There are 2 protein chains.
Amino acid sequence: MQITSRFTIAVHIITALDYFRDMDRVNSEFLAGSVGVNPVIVRTVIGKLREAGIVRTQKGSSGAELARPLDGITFYDIYKAVDSVNEDEGLFHFHEQPNPECPVGRNIHKAMDRRLASVQDAMEAEMKRITLADVVEDIRAEILGEEEQIRPARRKRGKS
Amino acid sequence: MQITSRFTIAVHIITALDYFRDMDRVNSEFLAGSVGVNPVIVRTVIGKLREAGIVRTQKGSSGAELARPLDGITFYDIYKAVDSVNEDEGLFHFHEQPNPECPVGRNIHKAMDRRLASVQDAMEAEMKRITLADVVEDIRAEILGEEEQIRPARRKRGKS
DNA sequence: CTGCACTGTAACATGATATATTACAGCTAT
DNA sequence: ATAGCTGTAATATATCATGTTACAGTGCAG
């Protein structure tokens, strides 16, 4: 199994909201065009980001705005916001009917839970370290790299 | 999304193979009884563990045996063996149609891949640290704890 | 060497869920 | 007022995890 694409879609959307922040009509249809999904998916994902306090929107008018600076939005925040994984059970799906009449079956859950939690914690800790500022920085570098291939910057002049 | 229960089932099976290692007729039906799933599931999971070199089995005769000591079998080994997640794409499902005509859509994948990989690496590193010996140790402690509730051990005597 | 127990695997069934799609009520701005 | 937009419900579809039945082939006990 995999973590839902809603996660990468959410990161894409926030990145685009930042990148196109001075542009008009950055609506769900425009964003859907960039992401390559249905506009309704964009609206639902933005809805979850709004519930989590990551973006602000106004019903009826287009253009969500970020509620926090990019470096205050972590992968973990987004991952939780868009329900990337089952909230109750966590990352691992434990088989549901271990036999209570078997000593192994009766105790396997307790015996494993600590270990599964430590794996999940390791993953979440890393997600808390990565912010949208990191991604935006990376994507700007990529885009600059593209431009250089066409019109090499005159680096000696300093400012572009 | 979640990691398939095949993972916890595999850990359960290996734990049971160790716990019942001196018992006869530990076949797929017996194991299925402990795990609480269909015997065919047990056979397929054991099949994957065999392909990964974690257990040895003999067609036609019951009782798989571990191919390595318990402390040589990590969560990561099992996780890979039973295809807990998509081998090609990894832990995260990236949305599949980012728009190549959009600077963000065209570069988001490259910009995120490093970060997604670091999350996956953190998780896998933790999985490599946990071995089946840890789980077996924990479950033995749980089972001993159960027994004490019924027939308290005379701790002063030393040996039980 | 015969019969039983078991494995390995295919084939099919079922249920859950991620994603797509259509539709529309209500809000906003010009 | 009109057009553009959001939020959300309802429904469809596809994928996949898991369950289940079935059976050929292997090993072993007697």
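Note that the structure is predicted; figures quoted are calculated from it, not measured. Just so we're on the same page: letters track the sequence lines, and every chain starts at 1.
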> For A:K110 and A:N107, what are the C-alpha separation, side-chain angles and deciding distance, and is it a side chain to side chain contact (heavy atoms under 4.5 Å, CB included)?
Replying inline: CA-CA 6 Å; A:K110 267 177 292 182; A:N107 292 288; 3.6 Å; yes
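- Considering only heavy atoms from C-beta on, A:Y19 stays 4.5 Å or farther from B:C102 through its side chain.
- For the residue pair B:T74 and B:D77, a side-chain donor N or O sits within less than 3.5 Å of a side-chain acceptor on the partner.
- Exactly one residue among A:Y76, A:Y79, A:F75 makes a side chain to side chain contact (heavy atoms under 4.5 Å, CB included) with A:K128. That residue is A:Y76.
- Side-chain contact check for B:H12 versus A:M112: every heavy-atom pair is 4.5 Å or farther apart.
- If you check residues 16-32 of chain A against DNA chain D, the residues with a heavy atom closer than 4.0 Å are A:R25, A:N27, A:S28, listed by number.
- For A:I41 and D:dT13, the CD1 to P distance is 16 Å, given to the nearest whole Å.
- The pair A:E126-A:R129 counts as a salt bridge, with a side-chain nitrogen and a carboxylate oxygen less than 4.0 angstrom apart.
- Atom CD of B:E65 and atom C1' of D:dG27 are 15 Å apart (whole Å).
- In this structure, B:H93 reaches the C:dT19 phosphate: one of its side-chain N or O atoms is under 4.0 Å from OP1 or OP2.
- Protein atom CG of B:N38 is 6 Å distant from nucleotide atom C1' of D:dT20, rounded to whole Å.
- Residue B:K48 contributes atom NZ, which lies 10 Å from atom P of D:dA17 at whole-angstrom precision.
- B:R68 CZ: more than 12 foreign heavy atoms inside a 6.0 Å radius.
- Atoms CD1 (A:I9) and C1' (C:dA18) sit 10 Å apart, rounded to a whole Å.
- Contact of the A:L132 side chain with the A:I78 side chain is registered, since non-hydrogen atoms from C-beta on lie closer than 4.5 Å.
- Residue B:Q97 contributes atom CD, which lies 12 Å from atom C1' of C:dA20 at whole-angstrom precision.
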> When every nucleotide of nucleotides 7-12 of chain D is labelled 5' to 3' by its protein contacts under 4.0 Å (heavy atoms), B for base, S for sugar-phosphate only, - for none, what sequence of letters results?
Replying inline: BBB---
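- As a whole-Å value, the separation of A:Q2 CD from D:dA14 P is 20 Å.
- Residue B:T4 has no polar side-chain atom (N or O) positioned under 4.0 Å from OP1 or OP2 of D:dC16.
- A salt bridge does not link B:E137 to B:R140: none of the charged nitrogens lies less than 4.0 Å from a carboxylate oxygen.
- Atom CZ in A:F94 sits about 19 Å away from atom P in D:dA17, given to the nearest Å.
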